[in-house]
Amino acid sequence: MKDISIDLPVKAVFSAKECLWFLNRGFDDCIYTVYPDKVRRAFQYKDELMLTDIYITTKCLRISWLTSEPSSQAIDYVKTFVVNWFDMNKDLQLFYNKLSQNTALAYMPSSYLGLRFVGMPDIFEALSWAIIGQQINLTFAYKMKRRLVERYGTSVKYENEKYYLFPSPETIALAKIDDLRGMQLSHKKAEYLITAAKAIAAGEISKKILLEQPDFPSRIKLLTNFKGIGRWTANYVLMKSLKEPSCIPHGDAGLIKALINHSILKEKNDLSAMNDLFDNFKGWESYLVFYLWRSLA
DNA sequence: TCCCAGGGCATCA
DNA sequence: TGATGCCATGGG
């Protein structure tokens, strides 16, 4: 097959090392495979199933197709996805200026230089992941995600390996609670996941609809109207799939731990200190959360 | 055994 | 609107 690859330039500063570190930070995500210099991932555009290697360097991302020759629309789809996935068009300087002004966080611009907000462009995957990962340890959450994906997701075969796509909402909408319980999802989580799948399959939740809302609070409200989507999940989904800049997943265990580590919070319920901090990061709240999560490693 | 983990809901005042 | 109890299950 003809070698198809394209290069996507990145805005300074971009750290391949930091972004790859995030993807491979000790957890087993079944949706992609991380190598020292690249990440392998399957995509689907309409009926086209594809497998790609995405080489990550400081200057560009090179997407290389391993399977059948993609259509031009499929290439555009993957390009857009990858730009979104690695938040490649963002200029981080303003964020770094704000970090530098905070004594406890001033080390971050040099320590995590070029770390991009690695997102989850597929809103159903983001929502499912938020529901699965609620209130349980991440290692176990990734196990359940793998069970779900291997049971319901389609896959691309390449060199005797299967590379999975996250299942469609239409598929999960038809799943039975007992089947999901068999994967060790709690009864509630099984319910929430099916509810979310139905809402997306029915077009009640989509990135387009969320973007059409007049403001951020309306987007949160739209999501939290569904059972199983609370304030934490709504913020998480908006930051991961829409790159909404001002999300704060209130109550997040990792966020609180990071803030206590930095002596910004004295105790869990120190809400005023948390509000004071985020007040100084207007427009960059999601990035701040991401960097604080990074600090937990 | 106990506490925690990238919460959410129902109930109650 | 905010506090409380419950759900659920692996990991340390």
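None of these values were measured; they are calculated from a predicted model. In what follows, every chain begins at residue 1, and chains take the letters A, B, ... in the order their sequences are listed.
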Look at the side-chain N and O atoms of [X] and state whether any lies under 4.0 Å from the OP1 or OP2 oxygen of [N].
| X | N | answer |
| --- | --- | --- |
| A:Thr233 | B:dG8 | yes |
| A:Arg231 | C:dT1 | no |
| A:Lys189 | B:dG7 | no |

Once you round it to whole Å, what is the distance between [atom2] of [N] and [atom1] of [X]?
| X | N | atom1 | atom2 | answer |
| --- | --- | --- | --- | --- |
| A:Lys268 | B:dC4 | NZ | P | 7 Å |
| A:Gln184 | C:dG11 | CD | C1' | 13 Å |
| A:Leu296 | B:dC4 | CG | P | 16 Å |
| A:Ile177 | C:dC7 | CD1 | P | 17 Å |
| A:Lys188 | B:dG7 | NZ | P | 18 Å |
| A:Leu193 | C:dA8 | CG | P | 16 Å |
| A:Ile194 | B:dG8 | CD1 | C1' | 17 Å |
| A:Ile256 | B:dC3 | CD1 | P | 19 Å |

Of A:Arg25 and A:Tyr192, whose nearest nucleotide on DNA chain B comes first from the 5' end?
->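 Final value for this comparison: A:Arg25.
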Mapping A:Phe226 and A:Phe27 onto DNA chain B by nearest heavy atom, which one lands closer to the 5' end?
->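 Whichever sits nearer the 5' end wins; that is A:Phe27.
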Rounding to the closest angstrom, what is the interatomic distance between B:dT11 and C:dA8 at atom P?
->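 These two P atoms come out 16 Å apart once rounded.
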Say you pick atom P in B:dG8 and the same atom in C:dG11; how far apart are they, in whole Å?
->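 Result for the P pair: 23 Å, nearest Å.
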Using a strict threshold of under 4.0 Å (side-chain N to carboxylate O), is an ion pair present between [Y] and [X]?
| X | Y | result |
| --- | --- | --- |
| A:Lys145 | A:Glu125 | yes |
| A:Glu212 | A:Lys208 | yes |
| A:Arg146 | A:Asp28 | yes |

First of A:Lys143 and A:His187 reached from the 5' end of DNA chain C, by closest nucleotide |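 Of the two residues, A:His187 wins.
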Parallel, tilted or perpendicular: which fits the ring planes of A:Tyr287 and A:Phe95, with parallel below 30° and perpendicular above 60°?
->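 If you compare the ring of A:Tyr287 with that of A:Phe95, the planes turn out tilted.
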A:Tyr77 vs A:Tyr45 aromatic rings, parallel, tilted or perpendicular, using cut-offs 30° and 60°?
->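 Ring orientation of A:Tyr77 relative to A:Tyr45: tilted.
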May I ask you to test the A:Ile132-A:Tyr142 pair for a side-chain heavy-atom distance under 4.5 Å?
->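 They are not in contact (no side-chain heavy atoms under 4.5 Å apart), so the answer is no.
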Give the nucleotide from the list B:dG8, C:dT9, B:dG7 with an atom nearest to the side chain of A:Phe140.
->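 Within the option list, the nearest is C:dT9.
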Taking the side chain of A:Lys257 as its heavy atoms from C-beta onward, which of B:dG8, C:dA8, B:dA5 lies nearest to it?
->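 Nearest to the side chain of A:Lys257 among the choices is B:dA5.
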With a 6.0 Å cut-off on ring centres, are A:Tyr107 and A:His262 close enough?
->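 Aromatic pair counts; centres sit under 6.0 Å.
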Near DNA chain C, which residues from residues 130-138 of chain A have a heavy atom under 4.0 Å away?
->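 The answer is A:Gln135, A:Asn137.
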Relative to A:Trp85, does A:Lys79 satisfy both conditions: NZ or CZ under 6.0 angstrom from the six-membered ring centre, and within 45 degrees of the ring's axis?
->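 The answer is no, since A:Lys79 fails at least one limit relative to A:Trp85.
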Sugar-phosphate only, base, or nothing, as touched by A:Ile229 at under 4.0 Å among non-hydrogen atoms =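 Sugar-phosphate only.
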